[in-house]
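What follows is one structure encoded as structure tokens, with my remarks underneath.
Labels below follow one simple rule: chain letters A, B, ... track the order of the sequence lines, proteins then strands, and each chain is numbered from 1. Values below: every heavy atom of this structure, side chains too, minus hydrogens, waters and symmetry copies. Since the model is a prediction, treat every value here as computed from it, not as a measurement.
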Amino acid sequence: MDLDRLIKGGLIVLVCLWMTVAVVFPVLELLVRSLSNAQGEFTGLANFSRYFRTPALAGSLTNSLTVSLITTMVSVSLGFLFAYALTRTAIPGKTLFLGIAMVPVFAPTLLNGIVLVYLFGKKGVVTTGAFGLLERVTGMALRADIGLYGPVGIILAEAFYTFPQVVLILSIALRMTDARLYEAAQSLGASPWRSFISVTLPGIRYGLISAVFVSFVLCFTDFGAPKVVGGNYNVLATDIYKQVIGQQNFSMGATVSVILLIPTVIAFAIDRFCQGRQQAVVGTGSVPYSPRRHPLRDALFLTYCIVISCAVLCFLTTAFFVSLVNVWPYDFTLTWKHYHFHDTGGGGYAAFFNSVRMSFYTALLGTCLTFGSAYLLEKLQETPLLRRIGYFLSIIPLALPGLVIGLAYIFFFNNPHLDLPFFPAGIPNPFNFLYGTMGILILCNIVHFYTVSFLTATTALKQLEKELEMVSESMGVPFYRTCFRVTVPVCLPAILEIALYYFVNSMATVSAVIFLYSAEIPLASVAVANMDDAGDVAPAAAMSMLIVFTNILVRLVYTLLTRSLKQSAQAWTAP
Amino acid sequence: MGQYPEHPTMETNSPSGDKVSPPRLPHGNGKRGIEDFPVAPEEPYLQARGITKRFGRSNALRDVSFQADKGEFLCVLGPSGCGKTTLLRIIAGLEKQDAGSVHLRGEDFSNVPVSKRNVGIVFQSYALFPNLTAAQNIAYGLRIRSRRRASIQDRVESLLRLMGLSGFGSKFPAQLSGGQQQRVALARAMALSPHLLLLDEPLSALDAQVRLMLRGEVKQLQRRLNITTLMVTHDQEEALTMADRILVMEGGEVVQIGTPMEIYEKPATPFVASFVGSMNFMGRALKETHRVYRLGEIRLHVSRGDHVTQGSHATIAIRPEDIVVNRISHSQNSLSTKVVSLEFRGPLYRATLSLPLGAAEQCLLQADIPTEKIRRFGISENGQLDVELPSDRIHVYAA
Ligand SMILES: Nc1ncnc2c1ncn2[C@@H]1O[C@H](COP(=O)(O)OP(=O)(O)OP(=O)(O)O)[C@@H](O)[C@H]1O
Ligand SMILES: [Mg+2]
């Protein structure tokens, strides 16, 4: 065999190997633990039966399902209207609205909870009628207690958290519908409502299903918001946290994780199926829809967008305000003192810079790893079977909630021995050294956000014809040279997008890293959780704001970079 | 094979006109196995022997053999899905055959990777590197051979000039027209002076006029550089005008190899006959005596078809342009027909003639009649017309 082929085959094997170590082994370990007792002895389904016999635990499953379903209905309805306004009406300021709607992505979900507490909590602005101010001025009892702690709070916070994702998915789906269908419907004399039912909805049905499942899974597996506003209302995600961190009961933690995993995997499978169908819906030669003016409709939707945007901005301002107020609600003088993190736990600026460092490395390494793997799986012709396995492994992480990954990583990387079949004694775990280091945090983040990045890379790569590789091969040019000279430059926009995605999410994530950070490497998002736990809510808000501002800054840098990139590449991307 | 009769003339005159020629040896009689000559100095330049390729259960290629001389322009012609691209990719080394071998100058190339075969490939989609200029595209393979910068530049310049692209070197593919892009792709394929130029429907993405122009240019260039070329096409006109020899494929098999003239004049099978040009198939005729066939109540004299045994049936065929219009005629195969319709095509009319074969039977014939004759003889629809089917223009295929 010639060397070139050997190298290519070897690289594909490497891709499959790293995915196996980073995804398959840890998840298997988790499954094994869920079937074992605390001493590591195999107990079959004992943990599961104990779980369902403990009412306090079993109730969480129903709770989780309930809040997730309601959240999904709320955020998909709100998100659909918003996406519809952005794609199908002639309102001004669409880019601005979309930008504002995306802001919640930049913040840890804990912040959603914190803000809600300040608005609707016992001493919240709304609950107390602006601390009695409204009553004094108007003479009416203008106050409202919405009973925040519990399902109401969780649903509000999660709706806020899932809204941007729903808007993204639905506006893509809405944008893809073929304008010719509407012309046909119109020429047949269909009323606007009729054409909405018979054209719009069928056209986006897969996008709609996808949005439903994504928002369901996000909410079902999130743990930041329930932790802050959940009160005594237990959900699966907080159960895992309590079992592992509170009671050090790892087996039960694993068991609850598996229970969390089951609906997630089902939702994931349905979503994958729909994604495939959505692509099949858009044929070539479809004509993009360009909305016409329609004063009444546009006015209504504009109002709606303004209301939503104001709500988002109000949320953000409240968070910022909370982080600046001296002593809520007694002394409203503004101060930067909460940004000093002097007498609070959590790690202060060390934690913040650790997070920045971690996110930077995640973005750097994650982007290289993701794009490299996607390239090898997409563009090489060797070992088709292995490439298909690699592709499958790359899709799996999407089904894994952050908490599950974190817990699985504890089990796998903290284990000094690899328990392999046929090796009763096991062999020393060569990956054990990663435990408690920055390395495991980075790896965990990469895996947590891998699939979306991988699919972005694959989509970009698919747009380059595969004949390019054949031509360069026929000229005796090695494949890596063509990769760096042609493929990478052409895919640079997608590469930057992946890097941004990794950075922003690594900054904000709590669930994946909360089990893995060590005392020597505190992290900003974890500090938010810990400070909130300790009652230092204002510093927690301050830390969250640092995360949000960092992400907005990085996002601006990204925008500038892509803009200049577009300009320099204008010559060869011109139609 | 042997499903259709071969024309006797083909057997004696041109071994290359056979349906599937045995490996053609310049000094051999074509009957001896190639194994007898492992590496003869007169070995053909390019040779494919018994190439077979399966995709799952379906046979994309079945026992395909052919050869080409140095500097020859070979066209692979066939309908969509017949395995043309697969054959090209196997010759290029982009695909591995299940059986058979590829030889270049007598050397077995079957296991040589594409990067070592030194072939230039041009795809239908051009496959230009979008972020590199035309000049950089052409220089792409040259740079790897670590030539001096100046000599690379000279080579690129001369290639640009050769392709009529002077002044376009600094343009990106997106800034070039389709024809220009295809020229850049050609120049890039030529840059390394490949042993073999492989073109997969290189002109099919271009509009008709540019295609006509490039046809001539490619052919000229290929002649000038004397580069052995294999071009895949499903356009018969392209194959007829450009090729030195045409390899006609059907369903993964080679059905005929020959010069454009041979393919057109003596199509080996009804499939080739109808795929290249058009052909009237007149139906099953009974062979009465030597070179005489009876079709219904008419008798036709032919100068081919000796292989059909007396008393058995054969399909009689003739091309529309071979039907001769004679006002007064006493020659063989003179027939009285009725003009059913006339279709104006500029220099000629395509006439549909109805030829009575018996009491109730009749057969429709397409005939191409020069416009001038239509005028001179006053031929009109529904009129009578006497035509002659020259015996040497009639094709006979055993039924
Ligand atoms: N990679 C593949 N996997 C499976 N089947 C294939 C593959 N490539 C080609 N085939 C099949 O082999 C047959 C020949 O394909 P090929 O592309 O060589 O046809 P072609 O003559 O080039 O057709 P066209 O004129 O449409 O390009 C087809 O039936 C095709 O479906
Ligand atoms: Mg083809």
Subject >> Audit row: A:Met470, B:Phe123, side-chain contact (heavy atoms from CB on, under 4.5 Å) steps and yes/no >> reply: CA-CA 10 Å; A:Met470 298 177 190; B:Phe123 291 101; 3.8 Å; yes

**OP:** Can you measure from CD (B:Gln124) to CD (A:Glu465) and round to the nearest 0.5 angstrom?
**Re:** 10.5 Å

Original post:
Is it the backbone or the side chain of B:Leu128 that comes under 4.5 Å from a heavy atom of chain A, or both, or neither?
Top reply: backbone

Original post:
Taking atom CZ of A:Arg481 as the centre, does the number of heavy atoms from other residues, nucleotides or ligands within less than 6.0 Å exceed 12?
Top reply: yes

Original post:
With respect to chain B, which residue among A:Thr482, A:Val490, A:Thr487 yields the maximal number of heavy-atom pairs within a distance under 4.5 Å?
Top reply: A:Thr482

Original post:
In terms of heavy-atom proximity below 4.5 Å to chain A, should B:Phe129 be classed as side chain, backbone, both, or neither?
Top reply: both

**OP:** Specify the closest pair of heavy atoms between B:Ser125 and A:Glu467, including all atoms of both residues, with the distance to one decimal.
**Re:** OG-OE1, 3.9 Å

Original post:
Taking all atoms of both residues into account, what is the closest heavy-atom pair of B:Ser115 and A:Gly476, and its distance?
Top reply: CB-CA, 3.8 Å

Subject >> Which atoms of A:Glu473 approach chain B - backbone, side chain, both or neither, heavy atom under 4.5 Å >> reply: both

Original post:
NZ of B:Lys171: more than 12 outside heavy atoms within 6.0 angstrom?
Top reply: no

Original post:
Are there more than 12 heavy atoms of other residues, nucleotides or ligands under 6.0 Å from atom NZ of A:Lys466?
Top reply: no

**OP:** Would you indicate whether the side-chain heavy atoms of B:Leu192 and A:Met475 approach each other to under 4.5 Å?
**Re:** yes

Subject >> Residue B:Phe55 excluded, over 12 heavy atoms near CZ under 6.0 Å >> reply: yes

**OP:** Determine whether A:Arg485 and B:Tyr140 make a side-chain contact, defined as any pair of heavy atoms from C-beta on separated by less than 4.5 Å.
**Re:** yes

Original post:
Do other residues, nucleotides or ligands put more than 12 heavy atoms under 6.0 Å from A:Phe360 CZ?
Top reply: no

Original post:
Counting only heavy atoms not in A:Tyr501, do more than 12 sit closer than 6.0 Å to its OH atom?
Top reply: yes

**OP:** Over all heavy atoms of both residues, which pair between B:Pro130 and A:Leu464 is shortest? Give the atoms and the distance, please.
**Re:** CG-CD2, 4.0 Å

**OP:** Check whether any side-chain heavy atom of A:Val471 sits under 4.5 Å from a side-chain heavy atom of B:Arg188, and report yes or no.
**Re:** yes

Subject >> Heavy-atom contact with chain A under 4.5 Å, split by part of B:Pro113 >> reply: side chain

